[in-house]
Structure formats: C-alpha cells, structure tokens
Amino acid sequence: MKIEVVTLFPQMIRGALEFGVLGRALESGRLAVGTEDPRDHTGDPHRTVDDRPYGGGPGMVLKPEPMLAAIRAAAARLPAGSERVCLSAQGERFTQAQARELAALPGLVLVAGRYEGLDERVIELGIDREISIGDYVLSGGELPALTVIDALARLLPGVLGDERSSECDSFSHGLLDWPHYTRPEVFEGLEVPKVLRSGHHADIERWRLAQAVARTWRRRPDLLLGRTLAPEAQRLLNELLAAEADGDDRG
Ligand code: 21W
C-alpha cells in the first residue's frame with residue numbers, strides 16, 4: 001500500500017515512521033509513505049500558506065491554491081482507486097471498521113491541516129472523506145494521520161510477521177483485552193492469578209474471556225450495547241450481571 005501525506009511538517013511524519021512495526025513495514029516494502037509540502041506549491045517569496053478567514057474571527061485558514069496543488073501532486077503518484085482523506089475534527093470518527101476499509105485500498109492521500117483548517121472549497125474539490133480520531137482538540141492533523149497509518153499498516157498482509165495476527169486484536173472481536181502477566185510470579189507482593197499457572201488450557205481460555213467481558217462491560221459498555229456476542233461471551237456477561245445484581249464486589 002502507498003500513502004502520501006500532505007503536511008506542512010513532513011519531518012513529523014517521516015520521523016515517527018522509523019520505529020517498530022511501522023519501520024519494518026516500510027523497510028520490507030509492504031508499505032510506502034511519501035510526503036507533499038503545500039509550501040512547495042506557493043509562488044510568493046514568503047511561501048505563504050495561510051490567510052485570514054472571510055467573515056472575520058480568530059485564527060487563520062490554509063490558502064486553497066497551495067493545498068489543492070499539493071493534494072493533486074500527491075494523488076498523481078498513487079494508483080487508480082486510491083482515496084483522498086482529510087484528517088479533521090469535523091470528520092467521521094475513525095474506527096477499526098474504517099481502518100479495514102482503508103487498508104484494502106491501493107493508495108491513500110492523507111491531508112493534515114493546521115491553523116483553523118482547510119478552505120471548504122478544497123474539501124469539495126479535493127477530498128473524498130473526512131476522518132476524526134476522537135472528541136478532543138489537537139493542534140493539527142499530523143498525529144491523527146500517523147494514527148491512521150499505524151492502524152492500517154498492521155492490517156497489511158505480512159506486516160505483523162511472527163507477532164500474533166491482527167485478527168487476534170481485541171477490537172477485532174469487539175471486546176477489550178484481558179490482563180497480561182509475565183515473570184516473576186510475585187511482584188511487589190502481587191501474585192499472578194493461579195489459573196494462568198495451572199496449565200489447564202480450557203480454564204485459561206475461559207478466564208481470559210470472562211476478564212475481557214467484565215472489563216468491557218465496566219469500562220466500555222458502549223462496545224457491548226446493540227451487539228451480538230458469541231454464545232460463550234454472552235453467557236459470561238449474563239453471569240456477571242447476575243452477580244452484580246446480587247451485590248457482589250467487583251473483581
Ligand atoms: C482542531 C483545528 C480544532 C481547528 C469552532 C470553530 C484532525 C483533529 C484534527 C483543529 C479546530 C482530529 C473552532 C480529533 C482533532 C485537527 C486541529 C477548531 C476552534 N471551533 N481528530 N472554530 N481532534 N485538529 N477550532 O483536533 O486537525 S483529525
């Protein structure tokens with residue numbers, strides 16, 4: 001997959017891609033990431049990329065000419081069937097389902113805004129969809145672009161290699177992960193749960209699923225509401241709800 005990021009801070013993108021899974025995805029050629037700087041599409045000596053908003057008010061707006069030129073230059077390097085996505089606080093919320101959709105594309109332009117954002121006509125002319133990574137205010141689209149790149153990269157064939165497949169990731173199952181432990185058996189007085197040391201594989205599987213269901217219910221009930229659970233998970237949730245109704249302590 002080929003991704004082009006339109007950004008005023010190309011080093012912010014390049015620098016973050018050197019490490020871990022992303023670094024190896026780039027090295028192996030399974031993922032390629034390029035950048036396009038709108039400043040390289042200005043004509044004035046000051047290389048101006050922003051201007052005051054029509055209608056007044058605080059903040060600056062990204063000038064349309066360099067932004068659209070940069071988007072078109074980036075898109076021209078990608079195969080047919082690629083999409084142009086703008087990272088924007090006004091976008092649709094980014095989810096694992098969207099990550100799967102985007103990872104299936106041959107290429108992607110990611111447009112990271114700064115200041116108050118893009119001139120609306122650039123969105124009309126040069127953007128296919130807008131994506132937000134969550135309900136909090138950031139100072140630009142670069143970190144969201146990196147978030148999207150990270151989520152897509154781990155879905156590309158061969159990228160996770162020997163590590164557990166992305167199929168195993170908890171959001172793929174719609175549940176939060178269960179607790180993890182490694183040696184030592186006792187750490188600062190806290191023991192590893194006995195079941196994990198028992199060697200009983202079926203018991204361990206059941207315990208992990210029960211932990212995942214309980215955590216999801218307590219921390220992120222929104223992930224469970226209106227969803228059909230696997231029968232075993234539903235049974236564990238019913239047990240949990242019955243126990244809570246009896247006034248049991250939380251585990
Ligand atoms: C944030 C620019 C807020 C402008 C109403 C009118 C990309 C982002 C961003 C940014 C404003 C994402 C205002 C989650 C994010 C991003 C920069 C609005 C005040 N309110 N996902 N004017 N959060 N943010 N400024 O911030 O570019 S994806």
Side-chain angles (χ1 to χ4, degrees), residues 1-17 21-22 31 33-42 47-75 78 82-105 107-155 169 171 176 219-220 222-223:
M1 176 175 210
K2 178 89 198 284
I3 298 177
E4 292 285 348
V5 185
V6 173
T7 171
L8 290 166
F9 302 109
Q11 276 106 311
M12 207 174 153
I13 303 296
R14 299 244 61 102
L17 297 174
V21 168
L22 281 172
L31 174 68
V33 178
T35 55
E36 189 66 36
D37 188 342
R39 234 176 256 288
D40 296 335
H41 296 269
T42 52
R47 315 223 303 157
T48 311
V49 291
D50 63 334
D51 202 348
R52 292 167 302 157
Y54 271 109
M60 297 291 268
V61 176
L62 288 163
K63 286 173 67 59
E65 305 92 332
M67 283 311 295
L68 192 58
I71 293 169
R72 286 178 172 156
L78 296 180
S82 300
E83 278 198 44
R84 300 160 303 175
V85 171
C86 177
L87 290 310
S88 156
Q90 277 67 52
E92 214 181 292
R93 176 74 67 82
F94 186 56
T95 62
Q96 189 67 22
Q98 289 207 26
R100 281 188 218 106
E101 262 181 56
L102 295 179
L105 297 172
L108 205 58
V109 179
L110 294 176
V111 181
R114 281 274 149 176
Y115 314 109
E116 287 306 299
L118 275 57
D119 183 300
E120 194 65 24
R121 294 163 296 184
V122 173
I123 298 171
E124 276 181 49
L125 294 167
I127 295 296
D128 300 306
R129 58 168 127 180
E130 292 176 83
I131 287 181
S132 161
I133 61 161
D135 296 338
Y136 33 80
V137 182
L138 302 171
S139 19
E142 283 78 11
L143 291 173
L146 287 166
T147 300
V148 170
I149 293 171
D150 191 304
L152 301 198
R154 50 190 298 113
L155 295 174
D169 285 349
F171 271 108
L176 299 185
R219 298 179 186 184
R220 294 292 308 277
D222 58 296
L223 294 176

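For this chain, numbers begin at 1 and follow the sequence in order. Note that these values count all heavy atoms, side chains included, but never hydrogens, waters or copies made by symmetry. Atoms within a ligand are numbered from 1 in the order they appear, just like the ligands themselves.
- Closest heavy-atom contact between Ala75 and Arg84: CB-CD, 4.5 Å.
- Using a 4.5 Å heavy-atom cutoff, the side chains of Val5 and Pro10 are not in contact.
- Classification of Arg129 and Glu83 as a salt-bridged pair holds, one side-chain N sitting under 4.0 Å from a carboxylate O.
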Identify all N/O pairs between ligand 1 and the protein with a separation under 3.5 Å and present them as a table of atom names and distances.
{"residue": "ligand 1", "atom": "21 (N)", "partner": "Ser132", "partner atom": "OG", "Å": "3.4"}
{"residue": "ligand 1", "atom": "21 (N)", "partner": "Ile133", "partner atom": "N", "Å": "3.1"}
{"residue": "ligand 1", "atom": "22 (N)", "partner": "Glu116", "partner atom": "OE1", "Å": "3.3"}
{"residue": "ligand 1", "atom": "23 (N)", "partner": "Tyr136", "partner atom": "O", "Å": "2.7"}
{"residue": "ligand 1", "atom": "25 (N)", "partner": "Glu116", "partner atom": "OE1", "Å": "3.0"}
{"residue": "ligand 1", "atom": "26 (O)", "partner": "Leu138", "partner atom": "N", "Å": "2.9"}
{"residue": "ligand 1", "atom": "27 (O)", "partner": "Gly141", "partner atom": "N", "Å": "3.4"}

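- The shortest side-chain heavy-atom distance between Arg114 and Met60 does not fall under the 4.5 Å cut-off.
- Closest non-hydrogen pair, Pro53 versus Pro58, comes out as CG-O, 4.3 Å.
- Take Arg93 and apply the side chain to side chain donor-acceptor pair (under 3.5 Å) test, not counting sequence neighbours, and it matches Asp135.
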